[in-house]
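We use all heavy atoms of the structure for the numbers below, so side chains are in, but hydrogens, waters and symmetry mates are not. Each chain gets a letter, A, B and so on, in the order the sequences are listed, and its residues count up from 1.
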There are 2 protein chains.
Amino acid sequence: MLQISKEYIELISNLFKSFQRLNQKSSNLTHLQNQILEFLFMNHNTLTIKQISEGLNVPKQQMTVLLKRLFDQGYITKSQNKHDKRSFVIELTEKGKTSQQEKWAKIYQNFVNDLSKLDREEQLDLQYAMHKVNYLLKKMED
Amino acid sequence: MLQISKEYIELISNLFKSFQRLNQKSSNLTHLQNQILEFLFMNHNTLTIKQISEGLNVPKQQMTVLLKRLFDQGYITKSQNKHDKRSFVIELTEKGKTSQQEKWAKIYQNFVNDLSKLDREEQLDLQYAMHKVNYLLKKMED
DNA sequence: ATATTTAGTAAATTATCGTTTACTAAATAT
DNA sequence: ATATTTAGTAAACGATAATTTACTAAATAT
């Protein structure tokens, strides 16, 4: 295995705990419902049902039901796709967005607390290195 | 919000897609069962039932049942905790480990493919930056 | 010694997940 | 024009997930 791939996989592994926190269900949502909201939040544009069901590897038949539940609870909106009358686009409501942001707040808090274990110079190094990784990972996506 | 925290959160977000892939169920395992194996794999030491159930935010009563199912299918072992006779420690079997490694292989392949979008120098930059991030994140955990 | 906490189990019940088959209507291909 | 594909819905059924109450036995506290 390439050295660079090892670093990549170790990076995911190192961030695993924060990831885990993302996955935790909030109050009255099931794991899957939460994953759907999370997926919508991360892909911060509107998505069709198909895109969601493929992204999460859940059959569209099931996704229909799951989304209906989220809609009834006020987490998402559903409107016709302007470009394709057969399909619908799903968006987070304010309630939906808030439910996700709360998780980020916890991750943020945790990170800030742990930061104190680095000295000033190391913090700047970390910031710069993360910036570089972010820049290059994005470039790889295009 | 601190700039460094922004970079951190963006980093998680950038790695999210790969992580999603981890979460996809393999063959005959449910989402939750898969998450349990993943959790064991990432925390590559032996864990007690309590640790798993707290880490995944699943009640211990449910965890008992879930683990029994994984045990019956040969993914985990369960043995008495030497330090506390009330508790048991859970470990992945070879089958359990393999099931997780297969997912990593896919993530690895994807990454290697996308790498071609960077030139030689950028690849080295990325490798070095990730190395630095990994080093400092680990230091923060202690 | 006794009381309280802690780790895990058991069983029952409801809700959700996961899959399959079948359907409608719009989009696309021939 | 007609046939085929595509996006989404509906309903039904078995398998899990999630929650609650109650229990055992070891560990810890008083």
Given the ring of B:F88, does B:K78 sit roughly above its face, with NZ or CZ under 6.0 Å from the centre of the six-membered ring and within 45° of the axis? yes
Which whole-number value in Å describes the distance from [X] [atom1] to [N] [atom2]?
| X | N | atom1 | atom2 | result |
| --- | --- | --- | --- | --- |
| B:Q35 | C:dC17 | CD | P | 13 Å |
| A:L47 | D:dA7 | CG | P | 14 Å |
| A:N81 | D:dT9 | CG | C1' | 17 Å |
| A:L29 | D:dT19 | CG | P | 11 Å |
| B:R69 | D:dA15 | CZ | P | 11 Å |
| A:M63 | C:dT20 | CE | C1' | 17 Å |
| B:L56 | D:dA17 | CG | P | 12 Å |
| B:Q33 | D:dA18 | CD | C1' | 15 Å |

Between [Y] and [X], is there a side-chain heavy-atom distance shorter than 4.5 Å?
| X | Y | value |
| --- | --- | --- |
| A:R120 | A:Q123 | yes |
| A:K139 | B:L118 | yes |
| A:Y108 | B:Y8 | no |
| B:L137 | B:M140 | yes |

Residue whose closest nucleotide on DNA chain C lies nearer the 5' end, B:K68 versus A:V58: B:K68
Look at A:T64 and D:dT9 and indicate whether a side-chain polar atom (N or O) is within less than 4.0 Å of OP1 or OP2. yes
Does a side-chain N or O of B:T30 approach OP1 or OP2 of D:dA15 to a distance below 4.0 Å, or not? no
If the condition is side-chain contact (heavy atoms from CB on, under 4.5 Å), which residues does B:Q51 pass it with, not counting sequence neighbours? B:L47, B:T48
The helix from C:dA1-D:dT30 to C:dT30-D:dA1: angle between end helix axes, five pairs per end, rounded to 10 degrees: 40°
Test A:I76 against A:L37 for side-chain contact (heavy atoms from CB on, under 4.5 Å), laying out the working first. CA-CA 8 Å; A:I76 59 168; A:L37 295 183; 4.0 Å; yes
Using a 4.0 Å heavy-atom cut-off, write out nucleotides 20-30 of chain D from 5' to 3' as B (base contacted by protein), S (sugar-phosphate only) or - (no contact). BBB---BS---
Of the listed C:dG18, C:dT16, C:dT9, the closest approach to the B:H31 side chain comes from C:dG18
The nucleotide from D:dA17, C:dG8, C:dC17 with an atom nearest the side chain of B:I49 is C:dG8
Spacing of NZ belonging to A:K103 relative to CZ belonging to A:F41, to within rounding of 0.5 Å: 9.0 Å
Hey, can you tell me if A:F39 and B:F16 have their rings parallel, tilted or perpendicular (30° and 60° cut-offs)? tilted
